[in-house]
Amino acid sequence: LPDDPRIIDSTSALELTEIPDSILIVGGGIIGLEMATIYSALGSNVSIVELTDTLMPGTDMDLVKPLEKLLENKCDAIYKGFEVTNGLATKAGIEVTFKGSKSTQSEVYDVVLVSVGRIANGGLIDAGKAGIEVGKNGVIPVDHQMRTSVPNIFAIGDVVGEPMLAHKASHEAKVASEVAAGINTALDTHCIPSVAYTDPEVAWVGLTEDNCERENIPYEKGIFPWAASGRSLTINRSEGLTKLLFEPGTKRLLGGGIVGTNAGELIAEGVVAIEMGATVRDLKECIHPHPTLSETMLESAESFLGLSTHVYRPKKRN
């Protein structure tokens with residue numbers, strides 16, 4: 001794409017002085033879809049182009065599907081499996097050409113937002129001059145105590161790699177400061193929640209079905225559709241879904257995913273449950289306030305056991 005002020009990234013996307021009539025978002029990942037949600041709400045005609053055949057690649061598709069369905073109604077177009085091959089700056093706008101398996105087409109947009117990922121800046125800050133190892137894409141390798149290859153130098157945040165999340169960076173800072181103070185602690189990354197601040201929100205923690213299937217990890221799951229939630233119906237947001245993954249045998253919670261209003265708030269219960277080693281029975285026995293969206297965690301556990309009041313599932317034998 002050409003060097004033009006009408007071609008922006010996710011940082012400058014939050015600094016525009018006016019709302020464009022039309023915007024193309026290149027990249028259908030978390031940031032791209034968050035921006036699609038924002039600009040659609042502001043009144044822009046939004047189009048999304050994604051190289052892969054799915055939006056939010058790497059996220060379980062049953063969690064993405066309700067979001068995608070709503071975005072299809074809000075956006076002008078969503079091009080999946082299309083590659084941007086050219087961009088031309090014209091007086092009318094940025095003319096973008098993208099190619100799919102069956103067609104090639106060009107459209108003109110007032111603004112093009114490029115949201116295809118970021119690289120860490122370990123190389124840009126010349127960390128290597130301090131003897132610190134800098135790996136691929138500027139990522140600085142660290143151990144579980146946030147130590148770099150120079151033991152008395154610590155690194156935290158996006159510069160140490162995925163997941164590039166603010167709450168992960170804050171926790172890493174606590175670990176690094178405690179280790180520097182002589183406290184024997186370490187970072188445990190198996191329980192870091194992720195949230196896409198779209199509408200509806202998508203959140204998950206622990207293992208996903210995609211993880212389990214890719215790594216051949218056995219799992220069982222309980223699902224509760226929000227269409228059966230009294231609270232979701234009263235706020236007219238029945239598109240949601242809550243899903244819990246359990247370890248066969250122990251029935252310990254391995255992961256959880258939620259799509260729906262306030263999913264980012266609700267996923268915290270899954271974080272605590274995984275951290276505490278909770279089982280499906282533990283979740284089932286926790287009394288949740290009614291009517292609330294938090295009940296969907298309880299209902300997912302009950303659905304797994306075949307004991308849900310609001311959806312039918314065959315009862316599991318002990």
Side-chain angles (χ1 to χ4, degrees), residues 58-66 144 163 165 167-168 171 175 185-196 200-232 240-318:
T59 308
D60 287 348
M61 284 301 97
D62 57 351
L63 299 180
V64 178
K65 191 173 181 180
H144 288 301
L165 302 169
H167 47 276
K168 174 228 162 193
H171 190 73
V175 171
T185 187
L187 178 70
D188 184 355
T189 59
H190 84 287
C191 205
I192 300 175
S194 295
V195 184
E201 292 180 358
V202 181
W204 62 96
V205 65
L207 294 177
T208 65
E209 287 195 76
D210 186 65
N211 294 147
C212 292
E213 291 168 6
R214 188 172 59 248
E215 299 172 23
N216 294 318
I217 298 172
Y219 71 94
E220 298 175 327
K221 65 181 177 181
I223 296 177
F224 184 76
W226 284 21
S229 161
R231 181 57 177 157
S232 69
L241 172 76
T242 297
K243 174 174 66 174
L244 300 176
L245 306 184
F246 298 99
E247 183 178 53
T250 67
K251 302 299 184 275
R252 180 174 58 90
L253 184 65
L254 296 176
I258 305 172
V259 54
T261 301
N262 293 328
E265 306 285 348
L266 299 172
I267 200 63
E269 182 175 345
V271 177
V272 175
I274 294 174
E275 188 67 37
M276 298 298 292
T279 67
V280 64
R281 290 284 174 179
D282 294 324
L283 291 169
K284 171 190 172 293
E285 297 302 330
C286 291
I287 300 174
H288 288 63
H290 174 80
T292 63
L293 296 176
S294 68
E295 286 179 296
T296 64
M297 295 289 285
L298 164 67
E299 296 267 16
S300 293
E302 289 185 332
S303 177
F304 174 80
L305 294 169
L307 301 174
S308 177
T309 305
H310 299 105
V311 295
Y312 173 73
R313 295 285 189 278
K315 185 175 181 179
K316 286 183 177 289
R317 295 181 179 275
N318 290 330

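For the side-chain contact (heavy atoms from CB on, under 4.5 Å) test, residues two or more places apart in sequence or in another chain that qualify with Glu275 are His190, Cys191. When the side chain to side chain donor-acceptor pair (under 3.5 Å) test is applied to Ser294, the partners found at least two apart in sequence or on another chain are Thr292. A search for ring pair (Phe, Tyr, Trp, His ring centres under 6.0 Å) contacts involving Tyr219 returns nothing, not counting sequence neighbours. The side-chain contact (heavy atoms from CB on, under 4.5 Å) search around Asp210 returns Asp60, Thr208, Arg214, not counting sequence neighbours. Here Pro218 pairs with Pro248 under the side-chain contact (heavy atoms from CB on, under 4.5 Å) rule; sequence neighbours left out. The side chain to side chain donor-acceptor pair (under 3.5 Å) search around Thr242 returns Trp226, Thr296, not counting sequence neighbours. For Asp62, the salt bridge (Lys or Arg N to Asp or Glu O under 4.0 Å) partners are Lys243, not counting sequence neighbours. Residues satisfying the side-chain contact (heavy atoms from CB on, under 4.5 Å) test with Leu165, not counting sequence neighbours, are Pro163, His167, Lys168, Ile192, Ser194.
Listed here is the closest heavy atom pair of Ser303 and Ile223: OG-O, 3.0 Å. Of all non-hydrogen atoms in Ala203 and Ala263, the two that sit nearest each other are CB-O, 3.6 Å. In terms of heavy-atom proximity, Leu244 sits nearest to Ala301 at CD1-N, 3.9 Å. Among all heavy-atom pairs drawn from Pro200 and Gly260, the shortest one is CB-CA, 3.7 Å.
Remark: Leu245 CG to Leu253 CG distance equals 7.5 Å, nearest 0.5 Å. For the atom pair OG of Ser300 and CD1 of Ile258, the computed distance is 8.0 Å after rounding to the nearest 0.5 Å. Between the CZ atom in Arg252 and the CG atom in Asp282 there is a gap of 12.0 Å [rounded to 0.5 Å]. Rounding to the nearest 0.5 Å gives a distance of 11.0 Å between CE of Met61 and CD of Glu209. The line from CD1 of Ile217 to CD of Glu247 is 10.0 Å long, rounded to the nearest 0.5 Å.
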Under 3.5 Å donor-acceptor pairs involving side-chain atoms of residues 265-274, not counting sequence neighbours:
residue	atom	partner	partner atom	Å
Glu269	OE1	His288	NE2	3.2
Glu269	OE2	His288	NE2	2.7

Would you sort out whether Ser232 and Leu293 count as a side chain to side chain contact (heavy atoms under 4.5 Å, CB included), showing the intermediate values? CA-CA 7 Å; Ser232 69; Leu293 296 176; 3.9 Å; yes
Checking Arg281 against Leu305 for the side chain to side chain contact (heavy atoms under 4.5 Å, CB included) test, could you report, in this order, the C-alpha distance in whole Å, the side-chain angles of both residues, the deciding distance, and whether it holds? CA-CA 9 Å; Arg281 290 284 174 179; Leu305 294 169; 4.0 Å; yes
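Between Leu63 and Leu241 there is a side-chain heavy-atom pair separated by less than 4.5 Å.
Contacts classified as ring-ring contact (aromatic ring centres under 6.0 Å, His included) and involving residues 243-271 (residues at least two apart or in different chains) are given here: Phe246-Phe304. Applying the side chain to side chain donor-acceptor pair (under 3.5 Å) test to residues at least two apart or on different chains, none of the pairs has a partner in residues 255-264. Every pair tested for salt bridge (Lys or Arg N to Asp or Glu O under 4.0 Å) that includes a residue from residues 283-303 fails, sequence neighbours excluded, so the list is empty.
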